[in-house]
Amino acid sequence: MRALRELRLLPLPPGFLVIPGIEVTSRHGHILGLGVREAVPPRLSAQETVELIREQGGVAVAAHPFWLNGRPGSVFHARFDAVEAFNSRSYFLSNPLALRYARKKRLPVTGGSDGHTEEEVGLAYTEVEGKGAEGVLEEIRKGRTSVEGRNVPFCGYLAKALKKAVGFR
Ligand SMILES: [Zn+2]
């Protein structure tokens, strides 16, 4: 596997922690790998993708599992470490369905802004205690998280989706 590109980050303020991660397009939907440093090939099954993330010591999260653009239903094809119960780019019932599924299966939850622009970063987040990246990942595995967030305004989301669909960037 090829190593992920080195990120060039601006100097971070004290106390700011960066956890490397990846979003992989599996055959069954998008999957987040938190704590992952090596690329995971796309288009594997959800279960194969989850296993490759765990082999690196990562946490495998079903990303926006009930929203259309992630091929809804990944959660039904693998046993995940956590479910993204709030995603800022998922609308209507998709987030409540993800939260309900996670609770029913007693799976930890995360939240993410899925930001595609600078303004969208931080719209949703996971609250978690833990020392260092490993400590945070372990708390997520144990389900000691809470999720907060709000959506990207739907009009902006729709406009971008339509532009992409017709080939404009
Ligand atoms: Zn996605």
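Counting starts at 1 for both ligands and their atoms, following the listed order.
At least one N/O/S atom of Glu23, from backbone or side chain, sits under 2.8 Å from the Zn ion (ligand 1).
Note on His64: its N/O/S atom closest to the Zn ion (ligand 1) is NE2. If you look at His30 and ask which of its N, O or S atoms sits nearest the Zn ion (ligand 1), the answer is ND1.
Taking the six-membered ring for Trp and the full ring otherwise, the centers of Phe92 and Phe154 sit less than 6.0 Å from each other. Aromatic ring centres of Phe76 and Tyr101: separated by under 6.0 Å.
For Glu120 and Arg89, the salt-bridge test passes: some basic side-chain N is under 4.0 Å from an acidic carboxylate O.
Under a 4.5 Å side-chain heavy-atom cut-off, the cluster of Ile, Leu, Val, Met, Phe, Trp and Tyr residues that includes Leu34 is completed by Leu17, Ile19, Leu32, Val59, Val61, Val128, Val136, Leu137, Ile140.
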